[in-house]
Each structure stands twice: as structure tokens, then as C-alpha cells.
K.L.:
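My questions all concern the structure below.
The sequence lines fix the lettering, A, B, ..., with proteins before strands; numbering per chain opens at 1.
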2 protein chains.
Amino acid sequence: MELQLVSEGRRAGYAARRLAEFAERCRKGGLAVTPQRLAIIRALLASAEHPRADAIYAQVRKEHPHISLATVHRTLETLCEIGEARKVTMLHDSARYDGNVMPHHHVVCVKCRRIRDIEIPELERILDGRSELGEFTLLGSSLEIHAVCDRCNSRRVRGRGKRSRG
Amino acid sequence: MELQLVSEGRRAGYAARRLAEFAERCRKGGLAVTPQRLAIIRALLASAEHPRADAIYAQVRKEHPHISLATVHRTLETLCEIGEARKVTMLHDSARYDGNVMPHHHVVCVKCRRIRDIEIPELERILDGRSELGEFTLLGSSLEIHAVCDRCNSRRVRGRGKRSRG
DNA sequence: TATTGGATGATAATAATTATCATCTGAGCG
DNA sequence: CGCTCAGATGATAATTATTATCATCCAATA
Ligand SMILES: [Mn+2]
Ligand SMILES: [Mn+2]
Ligand SMILES: [Zn+2]
Ligand SMILES: [Zn+2]
């Protein structure tokens with residue numbers, strides 16, 4: 001099973017390309033290209049850390065000492081909405097507990113956050129014979145499948161069925 | 001690629017078995033078997049919803065109207081520590097942003113929450129030719145590999161290297 | 001350059017979780 | 001069975017992350 005860390009070189013190249021096209025894509029999407037937005041996407045693309053809002057805030061403040069933390073939150077959210085960024089997990093807003101401690105995976109409705117268990121026997125084998133990956137000692141894994149549930153699909157037009165913050 | 005929802009029947013059977021052995025495992029682990037703990041694990045195992053603390057609280061209050069929400073939080077945390085429960089994701093405490101919007105996956109250090117990108121070409125094929133799963137319309141997926149990073153491994157004995165709440 | 005709708009900064013509000021501490025109780029022991 | 005006490009709980013304050021509000025600002029367009 002091939003499985004490898006994305007090298008810093010490839011990451012940086014990708015990031016540079018994305019940044020170059022950012023302003024253009026913003027304008028096409030009807031978004032104003034503000035210095036704050038540029039600074040935030042630049043900070044995000046410059047990092048391999050998958051940063052929190054507060055880390056982006058700290059970075060951006062070096063050049064825009066007056067920027068508001070609220071702007072950082074809002075902008076990161078906007079970037080996700082227009083597809084310029086994503087969140088590592090969509091289940092970050094509150095802890096979801098599971099009494100099933102066997103290895104298994106989850107389907108998550110992107111609208112209402114309903115979660116159901118799934119089994120993917122092949123997946124358990126993904127880490128087989130692999131205990132190291134770069135600087136990481138591997139322990140286990142969990143797949144989050146994104147989906148829309150029936151309920152949310154039917155009530156699609158009206159904006160209901162969601163309780164999350166993000 | 002086989003991939004299927006865990007049926008309610010199987011889930012319930014598993015839950016019943018776990019519940020039956022719960023008190024015994026608690027005692028072995030040196031944990032007191034309190035009515036609150038029993039009510040909380042019972043509520044968790046009775047649900048297929050992967051509930052939040054507040055949902056467990058609402059359920060448990062039906063039988064223990066005086067229970068404290070703090071106890072529910074504490075107990076769920078304890079259950080995770082002793083391996084009687086888990087969290088659906090360990091990245092629930094704050095949003096982690098990613099400027100890489102290509103399909104890819106992540107290794108996460110369970111101690112310091114450092115995250116790095118990984119690629120698993122085979123994984124992109126997991127949903128291939130599959131657009132439905134039970135009541136869910138599938139969109140995409142993201143694998144969270146749990147690991148310990150080098151930094152945390154070396155400073156293992158002393159209790160440093162963590163900033164998360166959960 | 002004047003207009004203006006969306007963007008921002010300051011700050012209040014909300015929501016989830018954790019900390020604190022006085023009180024209580026499950027479990028081992030006689 | 002009642003005694004003891006480390007650990008558990010309830011009440012509540014504190015903290016942290018995020019969102020809401022609103023007056024002001026400014027990027028984009030004409
Ligand atoms: Mn599950
Ligand atoms: Mn990533
Ligand atoms: Zn849904
Ligand atoms: Zn680490």
C-alpha cells in the first residue's frame with residue numbers, strides 16, 4: 001500500500017501556484033481583494049501546520065498589527081466557502097462520542113452532522129506492515145466520509161437541518 | 001470495494017455485550033461504579049448517533065434529574081481514557097485550516113496535534129462507483145491517521161507536548 | 001472622483017469545555 | 001453491618017473558541 005508524506009517542496013510549489021491565482025479567482029467570485037484577505041491566504045498557504053485561527057492571526061499581525069481576530073475567523077470561513085481552503089475535519093465544533101471502540105469508520109452528513117458507523121475491511125489493511133511514516137509512529141486510523149443524508153436532501157431548498165457553527 | 005453501514009442490530013448486540021461487562025472492567029481498572037457512570041455509558045451505548053455531551057446529559061437527566069453537566073463531560077472523558085469510549089475525531093477542539101484543497105489525507109500526532117499531509121492514491125478509489133450508501137449520498141472522504149511524532153516520542157516520559165482540551 | 005455594498009475593527013455575546021471546591025459516597029475493612 | 005477516605009459528584013466560576021452586532025471604512029465600478 002503506497003502511502004507517503006507530501007514533501008515540503010511539492011507543498012510549497014502548489015501553494016505558490018494557488019496564491020498566484022488567488023486575486024483573480026476572488027474577483028471572479030465577486031469577492032473584494034483586500035489586503036487582509038491576501039495576508040490571510042498567504043499565511044495559510046505558507047504553512048504546512050494546518051493552523052488554527054489564532055496562529056494565522058499571530059502571523060498576519062506581523063504585517064497588519066491592527067487586524068481583528070474576528071476578521072481572521074470570518075475570512076478563513078469565507079475561504080472555505082469559496083473553495084480556497086478547507087477544514088481538516090468538519091467535526092471540530094464539539095466532541096462527538098462513540099461507544100463502539102472497535103476499528104470502524106464514519107459517514108457524516110455535511111449539513112446536519114448526523115454520523116453513522118461504517119465498515120471498510122480493506123481499510124484496516126492500509127497501515128498493515130507500516131509502523132512508521134517519516135517522523136510519525138503510526139497507531140491507527142479513522143475515515144470520515146462526507147455525504148448528504150436523505151433528510152437533508154429532501155428539505156434541500158429551505159435552509160434548515162444544520163446546527164453547527166462551521 | 002466493500003463498504004457498508006453497520007446495521008442497527010449488530011450495533012445493539014455489540015452495545016449490550018459491552019454494557020454487561022462494564023462494571024467489571026471499571027472495578028478492575030480501579031474506577032468506582034457509580035450510578036452516574038452507569039447511566040452515562042448506558043446512554044452512550046444505546047445511541048447510534050455519536051452524541052455530544054449535551055445529548056447524553058439530556059438523556060441521563062430523565063433518570064438522574066440532579067446530575068451535573070460537568071459530570072457528564074468528565075465521565076465521557078474518563079470513559080475515553082480507559083478505552084470504554086472514543087471520540088469520532090480527536091481534532092474537535094478547534095478548527096484546523098488547510099490551504100491544500102486537493103484530495104489528500106492527514107497524519108495527526110495524538111499528543112501535540114501536529115498534522116501533516118499524506119497521499120494515499122488507493123484511497124481515492126474507495127468511493128469510486130459508489131454514490132450512495134444507505135440513506136447517504138456520498139461526496140468525498142478524508143482519512144485521519146493517528147500517530148505519535150518524533151518530538152513527542154522523545155520527550156515521552158515528562159508530560160509535555162500537548163495543548164488540546166480533549 | 002463619487003457612490004456604495006461588502007469588508008473590517010472593536011467589542012459584546014454565545015457555546016463548549018474545564019477548573020475549583022465543598023460535599024458526598026462506593027468499596028474495602030474490620 | 002457501620003467506619004473510613006480516596007475518589008466522584010454538583011454547583012458554579014472561569015476559560016477558550018467562535019459568532020454576532022454595528023459603526024466605520026474602502027475596493028470596485030461607473
Ligand atoms: Mn462510530
Ligand atoms: Mn492537509
Ligand atoms: Zn443531514
Ligand atoms: Zn507530537
K.L.:
Can you tell me the distance, in whole Å, between the CG atom of Leu76(A) and the P atom of dT19(D)?
P.N.:
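Whole-Å distance recorded here is 11 Å.
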K.L.:
Could you check Val72(B) against Ala95(B) and say which one's nearest nucleotide on DNA chain D is further toward the 5' end?
P.N.:
Val72(B)
K.L.:
On a heavy-atom basis, which atom in Val110(A) and which in Met90(A) lie closest, and how many Å separate them?
P.N.:
CG1-CE, 3.6 Å
K.L.:
5'-most contact on DNA chain D: Tyr97(B) or Ala32(B), nearest heavy atom basis?
P.N.:
Ala32(B)
K.L.:
How many whole angstroms separate atom OH of Tyr57(B) from atom P of dG10(D)?
P.N.:
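It works out to 9 Å between those atoms.
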K.L.:
Taking NE2 from His92(B) and C1' from dT18(C), how many angstroms apart are they, rounded to a whole number?
P.N.:
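Rounding to the nearest Å, NE2 of His92(B) and C1' of dT18(C) are 12 Å apart.
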K.L.:
Given that Leu69(B) and Gly30(A) both sit by DNA chain C, which one's nearest nucleotide is further toward the 5' end?
P.N.:
Gly30(A)
K.L.:
Of the options dT17(C), dT18(D), dT9(D), whose atoms approach the side-chain atoms of Thr75(B) most closely?
P.N.:
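The nucleotide sitting nearest to the side chain is dT9(D).
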K.L.:
Establish whether the base of dG28(C) is bridged to the side chain of Arg27(B) by a donor-acceptor pair shorter than 3.5 Å.
P.N.:
no
K.L.:
Are Val33(A) and Val72(A) grouped together when hydrophobic residues (ILVMFWY) are joined by side-chain heavy atoms under 4.5 angstrom apart?
P.N.:
yes
K.L.:
Looking at Phe22(A) and Arg37(A), what are the two nearest heavy atoms and their distance?
P.N.:
CE2-O, 4.3 Å
K.L.:
Contact list please: residues 41-50 of chain A against DNA chain C, heavy atoms, distance less than 4.0 Å, in numerical order.
P.N.:
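By residue number: none to list.
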K.L.:
Counting only side-chain heavy atoms from C-beta out, which of dA27(C), dA7(C), dA8(D) sits nearest to Leu31(B)?
P.N.:
dA8(D)
K.L.:
Looking only at side-chain N and O atoms, does Thr34(B) come under 4.0 Å of OP1 or OP2 in dT9(D)?
P.N.:
yes
K.L.:
Strictly by modelled atom types, are His105(A) and Glu124(A) linked by a side-chain donor-acceptor pair under 3.5 Å?
P.N.:
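A donor-acceptor contact under 3.5 Å links the two side chains.
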K.L.:
Please test Asp93(B) against His92(A) for side-chain hydrogen bond (donor to acceptor under 3.5 Å, both in side chains), starting from the C-alpha separation and ending with a verdict.
P.N.:
CA-CA 6 Å; Asp93(B) 52 324; His92(A) 63 87; over 6 Å; no
K.L.:
Using atom CG of Leu91(A) as one end and atom P of dA17(D) as the other, report the distance to the nearest whole Å.
P.N.:
19 Å
K.L.:
Verify the distance criterion only: is there a donor paired with an acceptor across the side chains of Thr89(B) and Glu144(B) at less than 3.5 Å?
P.N.:
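Yes.
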K.L.:
Bend angle of the helix from dT1(C)-dA30(D) to dG30(C)-dC1(D) from five-pair axes at both ends, rounded to 10°?
P.N.:
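One end's axis against the other's: 40°.
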K.L.:
Starting the side chain at C-beta, find the nucleotide from dT8(C), dT17(C), dA11(D) nearest to Thr71(A).
P.N.:
dT8(C)
K.L.:
Find the distance Glu77(B):CD to dA8(D):C1' and express it as a whole number of Å.
P.N.:
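For the pair Glu77(B) CD and dA8(D) C1', the rounded distance is 16 Å.
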K.L.:
Given atom CZ of Arg74(B) and atom P of dT18(C), what is their separation to the nearest angstrom?
P.N.:
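These atoms are roughly 11 Å apart.
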K.L.:
Does dG9(C) have OP1 or OP2 under 4.0 Å away from a side-chain N or O of Gln36(A)?
P.N.:
yes
K.L.:
Could you tell me whether Arg10(A) and Glu119(B) have a side-chain N and a carboxylate O separated by less than 4.0 Å?
P.N.:
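Yes, Arg10(A) and Glu119(B) are salt-bridged.
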K.L.:
In terms of side-chain heavy atoms of Ala70(A), which of dA20(D), dT8(C), dG10(D) is nearest?
P.N.:
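When the side chain of Ala70(A) is considered, dA20(D) is the closest of dA20(D), dT8(C), dG10(D).
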K.L.:
How close or far is atom C1' of dA11(D) from atom NE2 of His66(B), stated in whole angstroms?
P.N.:
14 Å
K.L.:
Would you say dA8(D) has OP1 or OP2 under 4.0 Å from some side-chain N or O of Arg37(B)?
P.N.:
yes
K.L.:
Kindly check if the number of other-residue, nucleotide or ligand heavy atoms within 6.0 Å of CD (Glu63(B)) is above 12?
P.N.:
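Counting neighbours around CD of Glu63(B), 12 or fewer heavy atoms of other residues, nucleotides or ligands fall under 6.0 Å, so no.
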K.L.:
Which heavy atom of Arg86(A) sits nearest to which heavy atom of Met102(B), and what is that distance?
P.N.:
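Nearest heavy atoms, Arg86(A) then Met102(B): NH1-O, 3.7 Å.
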K.L.:
If you measure only the distance, is there a donor-acceptor pair under 3.5 Å linking the side chains of Asp117(B) and His50(A)?
P.N.:
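The criterion, which ignores hydrogens and geometry beyond distance, is satisfied for His50(A) and Asp117(B).
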K.L.:
Using whole Å, what does the distance between atom P of nucleotide dG10(D) and atom NE2 of His64(B) come to?
P.N.:
9 Å
